[in-house]
There are 2 protein chains.
Amino acid sequence: MKLTTKGRYAVTAMLDLALHGGQGPVTLADISARQEISLSYLEQLFSRLRRRELVISIRGPGGGYHLSRSAASIYIAEVVDAVSESLDTTRCGNKGDFQNGEKCLTHHLWSDLSDQIHQFLSGISLGDLMQRHEIRQVADRQNRRQAEGDSDTINTERLIDQAPA
Amino acid sequence: MKLTTKGRYAVTAMLDLALHGGQGPVTLADISARQEISLSYLEQLFSRLRRRELVISIRGPGGGYHLSRSAASIYIAEVVDAVSESLDTTRCGNKGDFQNGEKCLTHHLWSDLSDQIHQFLSGISLGDLMQRHEIRQVADRQNRRQAEGDSDTINTERLIDQAPA
DNA sequence: GAATACTTGACTGAATTACTTGGTCAATTC
DNA sequence: GAATTGACCAAGTAATTCAGTCAAGTATTC
């Protein structure tokens with residue numbers, strides 16, 4: 001399990017797709033403009049996301065990408081894995097001697113941890129992130145209303161589009 | 001929150017320290033030999049670990065490093081943070097225009113996730129990792145014993161030194 | 001004061017990341 | 001059916017990070 005800016009870009013782009021995928025396909029050019037990620041870099045990332053069948057592409061005018069499933073059933077671990085292409089470099093020789101046994105021990109401890117992180121990210125979907133954030137935002141808004149004295153025109157702040165259920 | 005091989009090296013080295021710290025300080029040369037990490041790279045990592053007061057160095061002959069606290073109270077997130085030096089690059093301009101609002105939204109969603117990962121790793125200590133692994137290993141051993149017919153000399157497999165409580 | 005062992009900083013090759021350029025191919029629109 | 005749109009593909013490149021080297025130190029013990 002590796003977690004770099006590359007994974008962040010991928011998750012961010014997928015979130016953008018989830019947020020705007022309501023009315024038809026979204027072009028990479030749009031995502032590029034909104035998220036300020038270079039178009040060609042997005043192409044590379046989406047090439048992998050498509051191969052892992054996390055997104056579906058539609059070519060030609062009016063085309064673009066959309067999620068292959070609902071945002072609620074696409075998990076962060078899948079997205080990160082898709083672009084990380086982990087070659088599993090942490091393979092210990094397993095020579096059986098003492099020195100190597102020592103190394104294998106700590107290596108296994110790390111593996112355990114890595115598995116736990118992976119499992120953790122496998123439990124969080126794009127939909128979860130959107131929903132949790134929205135819930136928190138609603139709570140914030142209510143707090144602010146109470147503090148500011150129940151102004152009712154605050155609804156224009158709503159930026160989140162309708163996500164597909 | 002970033003999770004690269006650098007963090008893995010740091011955690012691995014700290015685990016080595018926790019495993020061998022029972023009888024006096026451990027030299028980086030020892031860790032280097034056991035974990036096959038270059039000595040100079042370890043020096044760089046431990047420079048940061050020391051500045052964050054996760055380890056204590058003892059100079060001169062017979063010197064080395066030991067954990068500043070018990071393994072049970074040093075958390076993975078601390079170790080990773082110490083060597084990652086996160087400069088918090090994900091700062092959005094906050095210009096207030098629509099385009100930027102879009103960017104900030106996904107950015108915040110990612111921040112939420114990052115916080116969750118951080119919190120997760122803040123809940124796991126070096127001691128936890130060692131203990132969980134040992135428990136699993138004991139279970140494995142018992143299973144194997146049952147399968148192999150209760151051989152009792154299997155105790156020599158025990159590689160884990162006594163860690164300071 | 002000689003040997004040991006950590007400390008610091010500057011420097012370097014290799015790998016990865018992020019991005020660019022310049023195309024090709026498929027679907028739509030006029 | 002030619003132009004347009006936007007996905008797809010393959011090099012190549014700049015910037016950054018990783019991992020390791022080298023060469024000074026400074027502190028401690030014998």
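Chain naming here is simple, since letters A, B, ... match the order of the sequence lines and numbering starts at 1 in each.
Between the side chains of Ser114(A) and Ser111(A), not a single donor N or O lies within less than 3.5 Å of an accepting N or O. Side-chain contact of Asp81(B) with Ser84(B): a donor-acceptor pair under 3.5 Å is absent, judged by distance alone. Side-chain N/O atoms of Arg8(B) and Thr12(B) include no donor and acceptor closer than 3.5 Å.
Nearest to the side-chain atoms of Thr27(A) among the listed nucleotides dC22(D), dG6(D), dT8(C) stands dG6(D). Nearest nucleotide to the side chain of Thr5(A), out of dA18(C), dC9(D), dT8(C): dA18(C). The side chain of Thr4(A) has dT17(C) as its nearest neighbour among dT17(C), dC8(D), dT20(C). Which of dC18(D), dG25(D), dA18(C) sits closest to the side chain of Arg59(B) comes down to dG25(D). With dA7(D), dT8(C), dC8(D) as the candidates, the nucleotide lying closest to the side chain of Glu43(A) is dC8(D). Among the nucleotides dT20(C), dT16(C), dT4(D), the one closest to the side chain of Pro61(A) is dT4(D). Side-chain proximity of Tyr41(A) to dT5(D), dT21(C), dT17(C): nearest is dT17(C). Closest approach to the Tyr9(A) side chain among dA10(C), dT4(D), dC19(C) is made by dC19(C) (side chain taken as heavy atoms from C-beta onward).
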Steps toward side chain to side chain contact (heavy atoms under 4.5 Å, CB included) verdict (Arg34(A), Val26(A)): CA-CA 11 Å; Arg34(A) 274 193 295 264; Val26(A) 180; 3.5 Å; yes
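If you take CG of Leu42(A) and P of dC9(D), they are 16 Å apart, rounded to a whole angstrom. What separates CD of Glu36(B) from P of dC18(D) is a distance of 21 Å, to the nearest Å. Distance, Ile37(B) CD1 to dC18(D) C1': 13 Å, rounded to whole Å. In this structure, Arg51(B) places its CZ atom 7 Å from P of dT8(C), rounding to the nearest Å. Leu45(A) has its CG atom 15 Å from the P atom of dC9(D), to the nearest Å. Note: CG (Leu49(A)) to P (dC9(D)) measures 14 Å, nearest angstrom. For the pair Lys6(A) NZ and dA15(C) C1', the computed distance is 12 Å after rounding to whole Å. At whole-Å resolution of the value, CG in Leu28(A) and P in dC19(C) are 14 Å apart.
Comparing Ser38(A) and Val26(B) against DNA chain C, the residue whose closest nucleotide sits nearer the 5' end is Val26(B). Ranked by how close their nearest DNA chain D nucleotide is to the 5' end, Gly63(A) and Ser40(A) are led by Gly63(A). Annotation: of the two residues near DNA chain C, Ala29(B) and Gly7(A), the 5′-most nearest-nucleotide partner is Ala29(B).
Within the structure, every side-chain polar atom (N or O) of Arg48(A) is placed at least 4.0 Å from both OP1 and OP2 of dC8(D).
Smallest separation of non-hydrogen atoms from Asp128(A) and Gly123(A): OD2-O, 3.6 Å.
Applying the 6.0 Å contact sphere to CD of Glu53(A) captures no more than 12 heavy atoms from other residues, nucleotides or ligands.
Residue-level contact check: Ser57(A) touches the backbone only, with heavy atoms under 4.0 Å from sugar-phosphate atoms and none from bases. Among the atoms of the strands shown, none is found under 4.0 Å from any heavy atom of Leu39(B).
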